[in-house]
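Encoded as structure tokens, the structure appears first; notes follow it.
First listed ligand is number 1; within each ligand, the first listed atom is number 1. Just so it is clear, the values below take in all heavy atoms, side chains as well, and ignore hydrogens, waters and symmetry mates. Here the structure is a predicted model, which is why all the values come from computation and not from measurement.
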Amino acid sequence: MSGTQQTAQTSTLYPVPAAFAQSAHIGSREAYDKLCQEAQHDHTAYWGRLAREFLSWHQPFTQTLDERQAPFYKWFEDGLLNASYNCLDRQIEAGLGDKTAIIFEADDGQVSHVSYKELLSRVSRLANALKAQGVKKGDRVVLYLPMSVEGVVAMQACARIGATHSVVFGGFSAQSLRDRIEDAGAVMVITADEQVRGGKTLPLKAIVDEALTLGGCDSIRQVIVFQRTGGKVAFQAGRDLWMHELTAAQSDVCAPEWVSAEHPLFLLYTSGSTGKPKGVQHSTGGYLLHAAVTMKWTFDYKPDDVFWCTADIGWVTGHTYVAYGPLANGGTQLVFEGVPTYPDAARFWRMIEAHKVSIFYTAPTAIRALIKAAESDAKVHPRNFDLSSLRLLGTVGEPINPAAWEWYHREIGGGKCPIVDTFWQTETGGHMITPLPGAHALTPGSCTLPFPGIDAAIVDETGKEVPWGQGGLLVVRKPWPSMIRTIWGDPERFQKSYYPPDFGGKYYLAGDGAIRDVNTGYFTITGRIDDVLNVSGHRMGTMEIESALVSHPLVAEAAVVGRPDDLTGEAICAFVVLKRPRPEGDEAKQIANELRNHVGQEIGPIAKPKDIRFGDNLPKTRSGKIMRRLLRVVAKGEDVTQDTSTLENPAILDQLSQRN
Ligand code: 6R9
């Protein structure tokens, strides 16, 4: 690290506000550098120290890191702990029993407060109910739930008894849910009758019912249903049970199951470059440590803060910064059931004002949508609201364009709140490259510097570090506690995807490109280097969408690429060859719609392609490889200027340039 002296900048630098630095946990560049040096000097000892300081251990660990089976690293393995104890009991023992853990705001605006004591009692009742149903330590439980207190309670209840949860986002289809249940070999699904978003009710239980009829889910013994709306649902006797009936009969005391730090806390499925989503497996100790430390340092969390992370618990951000991080710090957080645009696009700003939110963490895609709304309708402009409670803002999930950053800083943060642009992944468990708001001056669009103890670097194909100012592959050279442990049931794929032999199998390959600023050394993420798209901050594999398309009886072949989109970051563009002559006009529109709905059913609405173009063929090399780089150009609506001499059928590009 280059120290505190910085020379001329290539882009605007926003200094740390003095008042912020003064009271921050990490309040200067020197304090940051000191932590980095400690980690540099003895990586293992540094993480061992934090693990002792941030977590309560039932039995202390004697070995911090075990590298014998690298890259299957083990952290704190002989230590015993319980994640739910660390999030709940520990806070109550420290006198926070009556403190509000969760402020819940429902879609219709109803608000409820849940104290730490009450949360523990609800978690314990459900944990006892799960045990009574035969769920044991190590069993997998799939959660298909709306944003709710019950969602957090269900995750914590699993953690309490040592069951491994796997949350499936409520926007995934029956087919996707089925695939995940089967892959995880889950014994139970916890769901709700319906979810409510933007004034509409959407079925969840009915989708679970459908998933379970698709085959491959024989491992499921029970379906527990949280009654959210009271809407009518089918009940299968012997299998389906109401959550409120089960928990009413249970004691609100449940002794935590002490597990090894390496015990799998959860699986979370995410997209990779093949058609099959991967079950990212996280540990208990290392994961929780990073959730706790990043919550405190990146968000400069203090006991009086009201923290709001808008991510759904179906994504990793909702795991680390809703279900675990805030609670592990004894914090108060807002949990929101609905969407940012209902009843109008001022919902977020109204909620920040009403609940005096001090730390707000959301996705660039939401910011861009709300900018657009505010610009076209003065009534929903944030200036109509008192946002003075805010002291820190954050973003996650995709790169934030400098214009959106500036607006967020000015209109939401009143020019006084630092913005933490946090780069991380499902696989990394928590923040990897992020500003520490009291230590780093900010550059819009840059996630600045690695979190202390994260040895991130940018390398070329041979694993050699590239100079600042030159783009390359983002890697992490040393293991860290909250890293992915394996891909559930597929250790080979884990090794191949993240520790490829290219770099001697020693570096974690993030799958993103990055570049460092020549003056500051700040990192900017330049986007995925694999076939993964990022649509509204949601990761989608192009192959997954292609497989969904070709599973339609009309489709012979499909290629999916991303193209830049002002609102969603990237948009999905599909090139499709049908088994029948290429359709045109209304027929093409109608088939495109049918295919879109089909993808919605196979994966979920978030995977529906924005553009579908039909061709007699796809651009291929003479050896039959689809030339995706050309399709990317066509998808953008640009003229192909690249060399097409290796193309077998150059004329096809003109055809594919036509939109439906
Ligand atoms: C937490 C999360 C991970 C991918 C990642 C990268 C992109 C996330 C980013 C960012 C630029 C940021 N990404 N945060 N790109 N700046 N601050 O989003 O996990 O859903 O697994 O996505 O998202 O491409 O590789 P996940």
Heavy-atom side-chain contact between Val167 and Phe266 under 4.5 Å: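 No, every pair of side-chain atoms sits at 4.5 Å or beyond.
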For the rings on Tyr144 and Phe172, is their centre-to-centre separation under 6.0 Å?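 No, too far apart.
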Once the angle between the rings of Tyr508 and Tyr498 is folded into 0 to 90°, is it parallel (under 30°), tilted (30 to 60°) or perpendicular (over 60°)?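 Because their plane-to-plane angle is under 30°, the rings of Tyr508 and Tyr498 count as parallel.
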Please work out whether the ring planes of His431 and Trp424 are parallel, tilted or perpendicular, with thresholds of 30° and 60°.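 Correct class here is perpendicular.
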Is Asp300 salt-bridged to Arg391, going by a charged N under 4.0 Å from an acidic O?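 The answer is yes: the pair qualifies as a salt bridge.
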Are Arg528 and Glu570 close enough for a salt bridge, meaning some N to O gap below 4.0 Å?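 No salt bridge links Arg528 with Glu570.
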Given a heavy-atom cut-off of 4.0 Å, could you list the residues near ligand 1 in chain and number order?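 Within 4.0 Å of ligand 1, the protein residues are Val316, Thr317, Val396, Gly397, Glu398, Pro399, Asp421, Thr422, Phe423, Trp424, Gln425, Thr426, Asp512, Ile525, Arg528, Asn534, Arg539.
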